[in-house]
Amino acid sequence: MYKEQQLAAIATGRKSSLFAEDFDQQRGAIGAALRGRRVLALGGCGSIGSSTIRRIASFAPAALHVVDHDENGLAELVRQFRSQAEPLQVADLRTLPLDYGSAAFRFFLASQPTYDLVLNFAALKHVRSEKDPYSALQMFETNLIKQMSLMDALAKTGFSGRLFTVSTDKAANPSSMMGASKRAMEHVMFNSSESAQVNGVKTSARFANVAFSNGSLLQSFEHRLTRSEPLAAPAGTKRYFVSMEEAGEICTLASLIAPDRHIVVPKLDPQAHLVEMQHIAERFLEFNGFEPAYYSDEAAACRNVSAERARRRWPLIITALDTAGEKPYEEFIAKGEEAAEIGFAALQAVKYLAAPRDAIDSMLSDLMSILNADSIDLSKEQLKMLLAKVEPAFLASHRDSALNLDQRA
């Protein structure tokens with residue numbers, strides 16, 4: 001954990017959590033909501049999910065069931081629980097290697113007593129997923145259709161607890177299909193016909209990039225250093241970052257304390273909290289004992305790793321921000337939305353701004369028709385028009401490009 005904290009500080013500039021005060025003040029309410037209760041976490045092996053689960057497990061729920069199709073991740077999660085200094089306070093810890101949209105998951109859910117809290121972290125969340133229509137379609141199925149199916153299955157169990165699905169800052173005025181799919185997910189969660197069948201409280205959260213999380217550019221710094229490869233960072237690009245600890249705290253508070261039909265967002269200030277990606281790469285290299293050696297040519301950087309390393313330098317490729325879906329800035333509140341105070345020092349919430357239910361249902365119906373077709377001449381434009389049913393502004397805000405993130409370092 002110490003290295004995790006050190007790496008997070010490289011990105012965030014913070015040695016302690018921004019949300020520690022809110023979390024500590026709500027410990028009593030969190031404990032009352034979790035102690036002796038049944039919790040189901042979907043996609044729980046990822047960075048955000050596992051961080052949240054670790055916090056929830058410390059409040060002694062009666063059952064904590066973790067579903068993820070990542071078998072190796074589930075095994076590692078159990079090892080972490082069994083190896084911690086404090087005894088595990090969960091009477092019924094169970095991990096299941098299931099896809100949450102599968103028949104196996106539906107059968108499992110139907111076999112269980114009703115859950116009190118359901119957390120959904122399962123998502124395809126990379127902007128690079130819009131590189132072709134097939135990857136984008138898989139993202140839509142995961143982020144939208146499986147969310148719809150989850151709510152339908154929960155309604156059949158008589159669920160009346162709290163349902164939380166994590167969103168993303170990129171859902172606010174989305175410029176990528178990934179961001180638009182998560183904004184559409186918010187519509188499916190809060191105002192689809194399936195949503196109307198689910199009793200209980202529904203909440204979500206949008207927040208910043210999670211520093212050194214699985215699959216992130218920052219995590220690639222570690223991998224590239226180990227493999228003796230150049231690092232890469234986009235030029236002139238600033239992002240908000242939270243640590244994995246902070247991400248877990250946000251999701252715990254949003255899932256258990258936030259009011260119904262609200263999306264929790266952090267109070268981050270552009271002047272104080274935006275960090276340039278290039279500066280993080282530079283600080284990471286300095287942390288590992290190297291000076292950055294700047295390159296604009298990828299091939300030259302790859303050729304010169306050994307020579308630069310001999311001088312205690314490391315190649316750092318500065319790339320252009322010119323690929324599909326990439327946003328030059330970050331925001332948490334979309335046009336037409338308003339933030340409200342909900343009793344936290346470092347968090348606020350956006351009340352869900354509804355899209356028409358018939359438009360949401362039509363989007364889902366058309367998407368199901370595509371998924372059920374024997375064959376189809378699929379295009380990104382076709383999928384973009386689907387999202388425009390619930391987010392018409394996406395037709396103008398989408399940043400398209402012939403380039404994608406797989407085409408650069």
Side-chain angles (χ1 to χ4, degrees), residues 1 4-5 8 17 19-20 22-24 26-27 29-100 105 108-109 112 115-123 125 147 150 154 159 161-168 203-205 207 210-216 219 242-258 264:
M1 281 297 179
E4 179 183 302
Q5 292 167 349
S17 170
F19 314 108
D22 288 324
F23 197 83
D24 288 343
Q26 296 293 335
R27 279 187 181 277
I30 295 170
L34 287 174
R35 199 166 294 112
R37 303 299 178 88
R38 294 176 50 79
V39 180
L40 174 65
L42 311 173
C45 290
S47 301
I48 299 171
S50 60
S51 179
T52 306
I53 288 167
R54 289 199 301 268
R55 276 144 192 86
I56 283 175
S58 67
F59 288 91
L64 176 55
H65 296 166
V66 185
V67 168
D68 200 301
H69 55 69
D70 181 2
E71 285 183 292
N72 295 334
L74 289 172
E76 188 59 30
L77 185 66
V78 172
R79 291 182 187 120
Q80 288 180 11
F81 276 132
R82 298 301 179 193
S83 302
Q84 62 191 15
E86 296 296 325
L88 184 65
Q89 299 186 57
V90 182
D92 177 12
L93 173 66
R94 203 179 313 182
T95 60
L96 300 103
L98 308 176
D99 185 313
Y100 90 108
F105 171 72
F108 167 74
L109 188 63
Q112 294 298 300
Y115 290 98
D116 300 293
L117 172 66
V118 175
L119 304 152
N120 185 10
F121 303 101
K125 56 183 181 180
Q147 177 73 33
L150 169 65
L154 286 174
F159 176 81
R162 294 184 69 102
L163 172 63
F164 169 83
T165 303
V166 71
S167 186
T168 172
T203 64
S204 187
F207 49 90
V210 182
F212 294 92
S213 59
N214 294 341
S216 66
Q219 189 192 52
V242 296
S243 67
M244 283 189 244
E245 175 189 13
E246 289 173 329
E249 289 170 344
I250 293 171
C251 291
T252 302
L253 291 167
S255 63
L256 293 169
I257 309 298
V264 171

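Positions are given from 1 along the sequence. These numbers come from the heavy atoms of this one structure, side chains and all, not from hydrogens, waters or symmetry mates.
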message: As a quick check of understanding, evaluate side-chain contact (heavy atoms from CB on, under 4.5 Å) for Val264 and Ser204, giving each step before the final call.
response: CA-CA 6 Å; Val264 171; Ser204 187; over 6 Å; no
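Scanning all heavy atoms of the two residues, the minimum distance from Thr95 to Pro97 falls at O-CD, 4.2 Å. The minimum heavy-atom distance between Ala254 and Phe164, with the atom names listed, is CB-CE1, 3.7 Å. Residue Arg54 comes nearest to Phe81 through the heavy atom pair CA-CE2, 4.2 Å, listed as atom of the first residue, atom of the second, then distance. Of all non-hydrogen atoms in Asp99 and Phe105, the two that sit nearest each other are O-CB, 3.4 Å.
Side-chain atoms of Thr165 and Gln147, non-hydrogen and from C-beta on, do get closer than 4.5 Å to each other. Arg94 is not listed as a side-chain neighbour of Val66, based on a closest heavy-atom distance of 4.5 Å or more.
Evaluated for a side-chain contact (heavy atoms from CB on, under 4.5 Å) with Asp68, the options Leu42, Leu96, Leu74 yield exactly one hit, Leu74. When each of Leu40, Val39, Leu163 is tested with Leu117 by the rule side-chain contact (heavy atoms from CB on, under 4.5 Å), just one qualifies, namely Val39.
For the pair Ser51 (side chain) and Met244 (backbone), a donor-acceptor distance under 3.5 Å is present. With hydrogens and angles disregarded, a donor-acceptor distance shorter than 3.5 Å links the side chain of Ser47 to the backbone of Asn214. At distances below 3.5 Å, at least one donor-acceptor pair connects side-chain atoms of Ser216 with backbone N or O atoms of Gln219. The backbone N or O of Gly248 lies less than 3.5 Å from no partner atom in the side chain of Arg55, so there is not a single donor-acceptor pair.
Between His69 and Tyr100, the ring centre distance reaches or exceeds 6.0 Å.
For Ser167, the side-chain hydrogen bond (donor to acceptor under 3.5 Å, both in side chains) partners two or more places apart in sequence, or in a different chain, are Glu186.
Around atom CD of Glu71, no more than 12 heavy atoms belonging to other residues, nucleotides or ligands sit under 6.0 Å away.
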Would you list the atom pairs, donor with acceptor, under 3.5 Å between side chains in residues 83-90 and any protein atom, with sequence neighbours excluded?
unit_1	atom_1	unit_2	atom_2	d
Ser83	OG	Arg79	O	2.7
Gln84	NE2	Glu86	O	3.3
Gln89	NE2	Ser58	O	3.4

